[in-house]
Participant: 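Following this message is one structure expressed as structure tokens.
Since the model is a prediction, treat every value here as computed from it, not as a measurement. Residue numbers count from 1 along this sequence.
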Amino acid sequence: MSQYSVLLVDDEEEVYQVIMKKLDWENLGFHIAGYAKNGVEALEMAEEMQIDVVMTDIKMPYMDGLTLCKKLKELYQKIKVIIFSGFDEFEYAKEAIKAEVEEYILKPIDANELGEVFTRIKINLDKELDEKRNIDKLREYYLESLPVLQENFYTSLVDGRIPEDVIEKYARSYQIELAGPYYVITVLHISVTNSQEENMDPFLLAVAVKQLAEEQLAEIYDSRITTYLGDIIVITQLPDESITRYTDVMDKFCKMAKRVCKAQVTAGIGHVCNALSQLQLSYQGAKNAVSYRVLYGNTRAISIGEMDPQENADIPWEEPYIYKILKKIKMGEEEPLQEAIQEFIRQLSGSKMSLQKYRILIMELITEIFRFGANNQLNLENIFGEDNDVYTQAMQLESPEALKQWLNDNCLKMQRQVVHERQDTTKSFVTKAMEYVKEHYADQDLGIEQICSYLNVSAAYFSTVFKKETGKTFINYLTEYRMEQALDLLLTKNEKTYIIADKVGYSDPNYFSYVFKKQFGMSPSKYKTSKMEQN
């Protein structure tokens, strides 16, 4: 049986002590997670705990029950709120609480009535929990989301953002079958400015061309068609490496698009590949093919293999492996990085490449490493040395094993710098928040919303990072800092309590005294008297 947590809120301790004793909470499926003496304290506790039900009085100092209910519903939509009130408060509260709370109960609270209320709430909570776990509903949601997931898969695939070892896993999860055995990417680029349909919205024009492509190409070649960065991307499966017939089909399609959609379409065809992990390179070739329209015109298909034979050569095996090494550097885990380097060296050893091509490979490797370092603000002098010629270093290595060791040593140094930079960024983020508190703690409106606006981050991310770095919630940190300043003012300045309260960000002197007593165990005046007596 699921156990749900309850937070009791009342400014009179004897009230919630009585409530705690009225029911057999465990048998009802609940446990008392805690109790608060006012709405402000209840909100702080709700932030720190996973609360399912809040039972609160209406009349309380600092924040009444109705305001608490409103704020809880804004922050935690699924939370259940029960309000109990005296008879004289009932009429004015009735309409206000109908839409906000689960139940309202009149004082004095009857044990049987309270038990029935929590029984009903337990049924509702169980129902909501069952719905979350309901496989059919999850499957229905998954199927509804599937088209979006598939679109994202295709664009991530052509952009090289899916690691090779999980491509098949994602394809199965998204119910995508791309058996090949060969693949080619085609970029359908619409020259909007040259469109014969000048008054047509460019977006609608792209929709029309995409729909035509789905009608004409999906069935013939079992093509997958999506939009990406303003172009239409066609992922086509081929029975062999020949591209001639496919190019003719795409050429006819461009002419059809002009006739049917009134659109000037260039079909840039990339190189053929035999693995889904190589589609990124086919995509790059297709984009390059589109650029040749300035020489050959649009409304036609352009194959990169015809325009630039070098582009149609065997796909260089090394690029995906180099990018994989760089990705593992960024992930921050040593073992996967070493495995990626080992995989690269294994491929290199079996490639039988010429000495000239090996030198070109090393140049490309060094270039990509330095580009990665620059993009991630790494200090490469600390890694490779201030005056050393890195290319010469790598070229003087006399075996694949020596290259492997060189890569391991230097890439691990880069990885440690990346991790360190990331940690520094997080610490800087928290430091900025702390400095902001020091400068603005007297601001009565200072809270998570204001600090997140200043830092330009979400409240959820900020709360997680701040607590991870400091061990405290932001509200707790702010309260403790304000109390430290209040203590200093109390002991060093002869100020009235209400003046101190205002100076440390509290508009209500009574609430300031309440928080002070909660922090130090006695009121401000008693604390000052005790310190004077000690001295």
Participant: When you compare the side chain of Glu47 with that of Tyr76, does any pair of heavy atoms fall below 4.5 Å?
Facilitator: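 A side-chain contact exists here, since the closest heavy-atom pair is under 4.5 Å.
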
Participant: Tell me whether the rings of Tyr4 and Phe30 are parallel (<30°), tilted (30 to 60°) or perpendicular (>60°).
Facilitator: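 Tilted: the ring planes of Tyr4 and Phe30 meet at 30° to 60°.
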
Participant: In the structure I gave you, are the side-chain heavy atoms of Ile167 and Ser277 within less than 4.5 Å of one another anywhere?
Facilitator: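 Yes - at least one pair of side-chain heavy atoms lies under 4.5 Å apart.
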
Participant: State, to 0.1 Å, how close Ala286 and Gly268 come at their nearest heavy-atom pair, and which atoms those are.
Facilitator: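 Scanning both residues, the minimum pair turns out to be CB-O, 3.3 Å.
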
Participant: Hey, mind stepping through Lys438 and Glu435 against salt bridge (charged side-chain N to carboxylate O under 4.0 Å, His left out) and telling me if it holds?
Facilitator: CA-CA 5 Å; Lys438 290 179 182 178; Glu435 289 173 352; over 6 Å; no

Participant: Quick one: list whatever passes side-chain hydrogen bond (donor to acceptor under 3.5 Å, both in side chains) with Ser453, sequence neighbours left out.
Facilitator: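 With neighbours one apart ignored, the set is empty.
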
Participant: If you count heavy atoms of other groups shown closer than 6.0 angstrom to NZ of Lys255, is the number above 12?
Facilitator: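 More than 12 within 6.0 Å, yes.
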
Participant: Would Tyr170 and Phe153 count as a close aromatic pair, with their ring centres under 6.0 Å?
Facilitator: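 Distance test on ring centres: not under 6.0 Å, no.
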
Participant: Mind checking side-chain hydrogen bond (donor to acceptor under 3.5 Å, both in side chains) for Asp240 and listing every partner two or more places apart, or none if nothing turns up?
Facilitator: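 If we apply the side-chain hydrogen bond (donor to acceptor under 3.5 Å, both in side chains) test to Asp240, skipping adjacent residues, there are no hits.
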
Participant: Could you tell me which residues satisfy side-chain hydrogen bond (donor to acceptor under 3.5 Å, both in side chains) with Tyr221, sequence neighbours excluded, listed by chain and number?
Facilitator: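 side-chain hydrogen bond (donor to acceptor under 3.5 Å, both in side chains) check on Tyr221 returns Arg245.
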
Participant: Looking only at heavy atoms, which two atoms of Cys254 and Arg300 are closest? And how far apart?
Facilitator: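 Distance-wise, the nearest heavy atoms are SG-O, 3.5 Å.
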
Participant: Could you report the tightest heavy-atom contact between Glu334 and Arg416, atom names first, then the distance?
Facilitator: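 Looks like OE2-NH2, 3.8 Å.
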
Participant: Return the NZ to CG distance between Lys258 and Asn298, rounded to the nearest 0.5 Å.
Facilitator: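 If I round to the nearest 0.5 Å, the distance is 8.0 Å.
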
Participant: Would you check, one step at a time, whether the test salt bridge (charged side-chain N to carboxylate O under 4.0 Å, His left out) holds for Glu41 with Lys518?
Facilitator: CA-CA 11 Å; Glu41 190 175 4; Lys518 184 179 177 183; 2.8 Å; yes

Participant: Going by heavy atoms in the side chains, are Arg482 and Val437 under 4.5 Å from each other?
Facilitator: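 Arg482 vs Val437: side chains apart.
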
Participant: Any luck finding a side-chain donor-acceptor pair between Gln450 and Tyr436 under 3.5 Å?
Facilitator: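 The answer is yes; a qualifying pair exists.
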
Participant: For Tyr441, check ring pair (Phe, Tyr, Trp, His ring centres under 6.0 Å) against everything at least two apart and list the hits.
Facilitator: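 Tyr481.
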
Participant: Kindly check if the number of other-residue, nucleotide or ligand heavy atoms within 6.0 Å of NZ (Lys71) is above 12?
Facilitator: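 Count not over threshold, so no.
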
Participant: Are Glu480 and Asn476 linked by a side-chain donor-acceptor pair shorter than 3.5 Å?
Facilitator: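 Checked: Glu480/Asn476 side chains show no N/O donor-acceptor pair below 3.5 Å.
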
Participant: So, using side-chain hydrogen bond (donor to acceptor under 3.5 Å, both in side chains) as the criterion, who are the partners of Thr247 when residues are at least two apart?
Facilitator: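 If we apply the side-chain hydrogen bond (donor to acceptor under 3.5 Å, both in side chains) test to Thr247, skipping adjacent residues, there are no hits.
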
Participant: Nearest 0.5 angstrom please: Lys73 NZ to Lys78 NZ, how far?
Facilitator: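 If I round to the nearest 0.5 Å, the distance is 9.5 Å.
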
Participant: Decide side chain to side chain contact (heavy atoms under 4.5 Å, CB included) for Val184 and Ile243; before the verdict, give the C-alpha distance in whole Å, the side-chain angles of both, and the deciding distance to 0.1 Å.
Facilitator: CA-CA 9 Å; Val184 67; Ile243 202 74; 4.0 Å; yes

Participant: Without placing hydrogens or testing angles, list every side-chain donor-acceptor pair under 3.5 Å for residues 227-238, not counting sequence neighbours.
Facilitator:
residue : atom : partner : partner atom : Å
Tyr228  : OH   : Asp159  : OD2          : 2.8
Asp231  : OD1  : His189  : ND1          : 2.9
Thr236  : OG1  : Ser223  : OG           : 3.0
Thr236  : OG1  : Tyr246  : OH           : 2.9
Gln237  : OE1  : Ala179  : N            : 2.8
Gln237  : OE1  : Gly180  : N            : 2.9
Gln237  : NE2  : Asp222  : O            : 3.2
Gln237  : NE2  : Asp222  : OD2          : 2.9

Participant: Can you tell me how far the CG atom of Leu326 sits from the CD atom of Gln415, to the nearest 0.5 Å?
Facilitator: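 Answer for the CG-CD pair, Leu326 versus Gln415, is 11.5 Å.
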
